[in-house]
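Below, chain A is the first sequence line, B the second, and so on; all start at residue 1. Hydrogens, waters and symmetry mates play no part in the numbers below; they use all other heavy atoms, side chains included.
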Amino acid sequence: MRIVVAEDLYLLRDGMVRLIEAYGHEVVATAGTGPETLQTLLTHRPDVAVVDVRMPPDQSDEGLRAALAARRARPGLPVLILSQHVEQLYARELLADGAGGIGYFLKESVFEAEQFIDALERVAGGGTAMDPEVIAKLLASGSTDRRIERLTEREHSVLALMAEGLSNQAIGKRLFLSDSAISKYTTALFGRLGITDDDDNNRRVLAVLAYLNKA
Amino acid sequence: MMRGLVSWMASAGVGFWRACVVFGVSMLAPAVWAAAVGIWFWWWGGGPWSWIAPLVWAVLGTLALVRPVCRITRHLVARWTGTVLPGGYRQPGPVTQLSTGYWWNGYSYSRTSREAKQDQAMRIRWRDPANWRDLRFTGIAVFAIGVPAALPLAGIACAVLGFAVLSPIIGALGVVVALASAPYAWRPLGPVAGRFLRASPAMAMADRVTELTAQRADTTVAQAAEIRRIERDLHDGAQARLVALGMSLATAEKLMETDPERAKAMLRDARTGAATSLSELRELIKGINPPLLNERGLLDAVRAFALDSPLEVTVSGNLDRRLDPPIESALYFGIAELVTNAVKHAAATLVEVSLVRDDTGVIAEVTDDGRGGATMREGGGLARLRRRLAVFDGSCEITSPEGGPTRVRMVLPCASS
């Protein structure tokens with residue numbers, strides 16, 4: 001994959017580039033500020049971009065805004081956002097366009113290098129991957145979509161893992177269930193959520209959206 | 001017609017009585033001065049220094065009378081017009097015994113607590129800037145309050161003199177003046193006292209200085225406690241974990257050749273430790289200054305907090321511009337505390353937060369549908385919140401009837417630039 005890395009701290013940027021290259025992917029460009037990120041994303045057209053939320057010049061949410069702007073210019077441009085903290089608020093803003101190709105993780109998710117690269121590939125393929133902490137916050141918070149409440153406990157946990165960006169196979173491994181059992185659950189929960197789209201990737205995005213969208 | 005006349009007569013009667021009282025009070029000081037002049041005339045020709053005794057009498061008499069006259073005036077104003085004019089006199093501070101055995105009263109040391117208190121009372125009495133205001137008022141009152149209040153009395157005197165000695169026309173004129181002026185003669189008391197008996201700028205300033213000194217002490221203590229907490233958290237948390245991490249890595253390095261399996265396990269532990277210390281740091285940072293506050297400002301930070309809350313929290317507001325960071329932080333933690341209270345104490349299911357900015361400041365309102373009965377206890381969370389807002393001259397009002405709902409309104413003034 002051709003990847004762009006946007007991160008202002010040199011140590012982290014360097015580590016990220018080495019990690020990605022160690023897994024055989026190519027880092028085509030790096031950026032260290034918000035405006036630079038936007039320009040790099042639009043000129044290099046990477047398969048996926050890894051973007052830090054907080055960057056110069058203002059040290060506020062420059063990275064996130066650059067990513068959103070780039071996706072407005074090129075809908076569906078795959079972006080994986082990394083941050084020192086995760087917020088439901090940001091997750092919703094990222095998913096709001098419904099185009100998929102979104103990842104949102106804590107920086108330390110990089111520690112699980114294989115899972116991180118896996119998520120990166122999934123996002124590059126148009127999927128959605130969320131940090132378990134986002135999901136945990138969602139489950140702990142007050143009102144969730146009514147449709148979500150109709151799910152059984154098992155379907156609930158399948159959906160949570162799906163939102164983290166795991167494939168059916170990986171979900172099966174986590175829950176000690178067979179692939180076919182998982183696909184039965186996913187079909188059932190798509191039905192309950194009223195998602196009829198045929199494209200599996202898209203259905204997953206919609207399911208996660210339903211999951212994230214409170215009434 | 002009859003009833004109107006009766007009520008008018010009643011008000012004239014009351015007015016006459018009040019005018020007499022006001023006249024008496026405002027003429028106390030002139031009476032002393034008049035007596036001084038009398039004594040002076042009495043001793044006229046008694047020598048080149050005969051004026052000294054009357055002068056001393058006038059000065060001492062005035063000084064002794066000033067404060068009682070003002071106290072009575074304030075009392076009358078409160079009773080008749082319902083306006084409470086704060087005296088604004090200096091209050092004695094605590095008298096404490098030092099480790100040396102001496103007593104400190106805020107000004108000087110004394111051997112006994114009695115002496116210290118007496119000394120303090122004297123100093124407070126004679127150094128109070130309110131004395132100048134009282135003196136000024138006593139002087140002004142003679143003309144602005146005493147003279148109008150003398151009108152009905154003068155009318156009566158005129159009437160008595162007129163009917164008895166001079167002519168009935170003067171007597172009738174006196175009656176008319178007395179009756180017409182009676183209901184109104186005492187009324188300058190309210191506005192004049194309101195204008196001249198209020199705290200003077202110097203006193204207001206002194207009060208403000210006292211208030212700010214107390215607040216500064218509060219803030220410093222709170223800040224020091226906060227810094228200690230952060231230090232302790234870092235020391236016991238992240239710092240200790242990083243040491244453990246370094247040790248694991250050192251051991252793994254050593255084991256790499258002899259026991260690769262154990263080395264691998266150690267590295268895994270190290271990774272878990274790093275992740276844990278990161279999440280601890282994240283929590284700590286959130287407690288110091290939530291990152292969203294920096295990245296997005298108050299409204300979005302409160303929205304994010306609402307999203308993470310176990311309750312249904314709705315947030316509305318019109319903050320289109322960023323506020324000053326300290327104000328944002330104070331309001332954020334205030335709102336967070338109130339929402340947490342709604343969860344923990346009020347058993348609420350729904351919380352509404354509104355953040356509105358107008359020309360003078362920011363108003364934050366938090367309303368829940370819980371069981372109410374929240375009170376401001378000394379040392380409690382709400383008292384702490386009020387103190388935090390007071391630093392910015394903000395205020396915090398609570399209405400929380402038993403059975404709910406609880407509504408807390410925080411107002412912080414800030415420039416509308």
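The number of heavy-atom neighbours closer than 6.0 Å to CD of A:Q39, taken from other residues, nucleotides and ligands shown, is 12 or below.
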Return all side-chain donor-acceptor pairs below 3.5 angstrom for residues 58-84 of chain A, not counting sequence neighbours, or 'none' if the list is empty.
from: A:S60; atom 1: OG; to: A:E62; atom 2: OE1; distance (Å): 3.1
from: A:S60; atom 1: OG; to: A:R65; atom 2: NH2; distance (Å): 3.2
from: A:D61; atom 1: OD1; to: A:R65; atom 2: NE; distance (Å): 2.9
from: A:D61; atom 1: OD1; to: A:R65; atom 2: NH2; distance (Å): 3.0
from: A:D61; atom 1: OD2; to: B:R296; atom 2: NE; distance (Å): 2.3
from: A:D61; atom 1: OD2; to: B:R296; atom 2: NH2; distance (Å): 3.0
from: A:E62; atom 1: OE1; to: A:S60; atom 2: N; distance (Å): 3.2
from: A:E62; atom 1: OE2; to: A:D58; atom 2: N; distance (Å): 3.3
from: A:R71; atom 1: NE; to: A:D97; atom 2: OD2; distance (Å): 3.4
from: A:R71; atom 1: NH1; to: A:L77; atom 2: O; distance (Å): 2.9
from: A:R71; atom 1: NH1; to: A:G100; atom 2: O; distance (Å): 3.0
from: A:R71; atom 1: NH1; to: A:G101; atom 2: O; distance (Å): 3.4
from: A:R71; atom 1: NH2; to: A:D97; atom 2: OD1; distance (Å): 3.1
from: A:R71; atom 1: NH2; to: A:D97; atom 2: OD2; distance (Å): 3.1
from: A:R71; atom 1: NH2; to: A:G100; atom 2: O; distance (Å): 2.9
from: A:S83; atom 1: OG; to: A:H85; atom 2: N; distance (Å): 3.1
from: A:S83; atom 1: OG; to: A:H85; atom 2: O; distance (Å): 2.8

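Here B:R282 pairs with A:E133 in a salt bridge; the nearest charged N to carboxylate O distance falls below 4.0 Å.
Contacts with chain A were tallied for B:R271, B:K286, B:E295; B:E295 has the most, counting heavy-atom pairs under 4.5 Å. Your options are A:E87, A:E112, A:R54, and the one with the most heavy-atom pairs under 4.5 Å with chain B is A:R54.
Residues of residues 221-254 of chain B lying within less than 4.5 angstrom of chain A, judged on heavy atoms, are absent. Residues of residues 4-13 of chain A placed with any heavy atom under 4.5 Å of a heavy atom in chain B are absent; none qualify.
Between B:T272 and A:F111, the closest side-chain pair of non-hydrogen atoms is not below 4.5 Å.
Residue pairs meeting the salt bridge (Lys or Arg N to Asp or Glu O under 4.0 Å) criterion with at least one partner in residues 323-352 of chain B, sequence neighbours excluded, are B:R322-B:E328, B:E337-B:R384, B:E337-B:R388.
A:L89 approaches B:D300 most closely through the heavy-atom pair CD2-O, 3.6 Å.
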